[in-house]
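Encoded as C-alpha cells, the structure appears first; notes follow it.
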Amino acid sequence: MDSGAAGQAQAAAGEAAAPGGTILKLLLIEDNATDARLFEELANESGEAIAIEWARSLAEAEQFCDACCPDVVVTDLGLPDSRGLDTVDRVLRLAGDRPVVVMTGLGDPQTGVQAVQQGCQDYVVKGITDPALLARTLRHAVERHAAERQVRESEERFRALVEMSPDAILLVADTGVVFANPSALRLFGRSRRQHLEGMALATLFAGPGGGALAAVAAGVLAGASPQQQGQEYRLADLDGRLLEVEASLAAVRFGGRNAAQVVLRDIAARRAREREQRLTQAVFQTTAEAMCITDARQRIVAVNRAFSETTGYGAEDILGQTPAVLSSGRHDDGFYSRMWQSLEATGHWRGEVWNRRADGVLYVQRLTISQISDDDGTVTNYVGVFSDITAEKEATAQLQHSATHDALTGLPNRALMQDRLTQALARSTRDGGGLAVLFIDLDGFKPVNDTWGHLAGDMLLQGVARRLRKCVRESDTVARIGGDEFVIVSIGSADAEAASTVADKVLRALAPPFQLGVGEAAIGASIGIAIAPGTDRPVAAPALLDAADHAMYEAKHAGKGVWRLAGQEELAATG
C-alpha cells in the first residue's frame, strides 16, 4: 500500500463518515503488501469510516504511532524485526493505552487466543472475506478496550479513595475481616493488614460498645438491615485504648459472597472540641465580668449574661449593632482614636470608659479589648471584657472627699486649703495675679454651744458655711480649718481695697441671727487679712496664713466684729 493508496483509503473513509459517523483511525503493521492491500479493500467494503496508516515493521510503526495516534493497532505476528508471540509483547508496549488486534494464519487460531491472553483485545484470521465481521471486530475491540479502561480507572479511583481515606474502612464477612485500609490499621493500633484480616468481629469490636456494633454488622450480613448510618460507639483498639467512633455499615458483595462494609470515623478529636466548646460557652455565660465579641467590622456577634445585666441590653437587642450604641458622649474622638491606635499596635487596650445603659444611666467600666487573629494574622474578632466600677469610683471619690473636706460643713479642710493656697501662690508668682487670705474667727460661738449644746453649735457652723460660700466667687476657696475658724483664699484680691471689700461682705453676711430650731443665735466675726506681696517678693503659704492669723487676733483685741490687715513688715516677720 503506497501513499496514494493510503490517501484514497482515507478519502473513502471520509466520504463514508460524512453523514456523521466517527472515523476509526487504524495503524496496520504488515510487511506483506498483498495482505495489506486485501485488508484495506475488505475494510473499505465494510462501509465503516476507517482511515488506515500502513507500517511495514515495528520500527516504522513507532514513527506512525506517535504521528497519527491511532484508535486501534492491527498487527501481523511475522514481521521483519519481530516474529511470533514476542511481537505481541512489543506491539502492546508500542500501542500503550490503545487496543491491539492480531492477524493469524488460517490454520493457527490458537496463536490468536494466546495473543488475547497476553493482553490483545481480539484477533482476525488472514484471508477472511466478511467485511462486516472485520468492522465489528475492530469496533468491538475499541469499545471493549474503552469499557475496560473505564472499569480500570474506576477501580483505581475507588482503591485510591479507600487507601487514602481518613476514615477506617473494613470489609467483613461471616468469617471475619477480609479487608482493612491503612486508616483502619492505625485506628486499631496495627501496622499490617495481616494483623486484622481473618479476625472475628467479636475480637475486633471490643470495648463498651463493641458487642452492639458486632451485632449490627451481623444483622447487615444476614440481610436483616441493609445499612446503618452515623451511629456512635465506644470501642477499644487491640491494645485496650478506648476509641470514640461514628459507624456506618452497608451490605455489599465481595468475592461472590455477602459482606458488610464498615466505615468507622474517629470522633475523639471532635468530641474533645465539643467538650472544650461547651466548657468555653459555660465560662462565657457564667463569668461575672461582662463580655462582648464583635466581628472584624465591629458588629456584635455574641454577648454573655453579665453583659445584659450590666448594660440592660439583651442579646436580641444588641446583636448586629456596634459598641457605639453604648457610648455616653463623655469621650471625644481623640480618646477613641488613641484607643484604636494602641489596640492595632499591641493587640490589646486597657482603661476606663464611661458608657450609657439601656435606661440612659451613665456608668464607668474598667475595659479590656483584645484582637483575635487567624493563622494568617488577619483580624477576625474583637473581644471586650469589662466590669462596672461605678460604685468603686464613687467610694473612692467619697474617701478622697472625706480626706480633704470637713465632715460637718462639707467645706475643704486645712490640708486641701493649704494645697490650693500653695497652687494659687505659684500661679500668682508666675502670672502676677493678686491673692489674699482672710482668716475668720467667729465671735460669740462658745455661748451657743454652752447654752443649747453641740447639736445647735453644729447647725450654726453649717449655717455659717452656707453664708460664706455666697460671699465668694467660684474660683475662691472657703475652708473650715478647725473649731469655729474659717479661711477664705480670694483669688484676684491684689490690694487692701479688694480684700477689705470681701471682708465687709463676710461681716454683713454673718450679722443676721441664725435660726437653730431651739432658739435664735446672733454671732459676729473677727477677720485677719494677709495679701500676697506679688512676683517681686514671693511668700510661702504657711507664712501668709500666719500673717492672717496674727491680723485676726488684732481684730479681736480691737473689739471684735471688725477686720485688720497684716502689714508688709508683719508678713516679712512671719515669713
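FYI, the numbering just counts along the sequence from 1.
The side chain to side chain contact (heavy atoms under 4.5 Å, CB included) test with Leu264 is passed by exactly one of Asp167, Leu170, Leu243: Leu170. Each of Arg480, Lys446, Lys556 was checked for a salt bridge (Lys or Arg N to Asp or Glu O under 4.0 Å) with Asp441, and the lone residue meeting it is Lys556.
Counted by atom type alone, Asp458 and Gln462 present zero donor-acceptor pairs between their side chains at under 3.5 Å. No hydrogens or angles considered: a donor-acceptor pair under 3.5 Å links the side chains of Ser183 and Arg186. Looking only at atom types and distance, the side chain of Thr310 has no donor-acceptor partner in the side chain of Asp388 under 3.5 Å away.
Geometrically, Arg357 engages Tyr363 in a cation-pi contact defined by less than 6.0 Å to the ring centre and at most 45° from the axis.
The neighbour count for Arg275 CZ, taken as heavy atoms of other residues, nucleotides or ligands under 6.0 Å away, is above 12. Other residues, nucleotides and ligands contribute over 12 non-hydrogen atoms within 6.0 Å of the CD atom of Gln229. For Arg265, the CZ atom is loosely surrounded, since the number of other residues' heavy atoms within 6.0 Å does not exceed 12.
When every heavy atom of Ala260 is checked against every heavy atom of Ala217, the shortest pair comes out as CB-O, 4.4 Å. Of all heavy-atom pairs spanning Ala302 and Leu319, the tightest one is N-CD2, 3.7 Å. Leu362 and Ser328 get closest at one heavy-atom pair: CD2-CB, 3.5 Å.
In this structure, the ring of Trp354 has its center no less than 6.0 angstrom from the ring center of Phe335.
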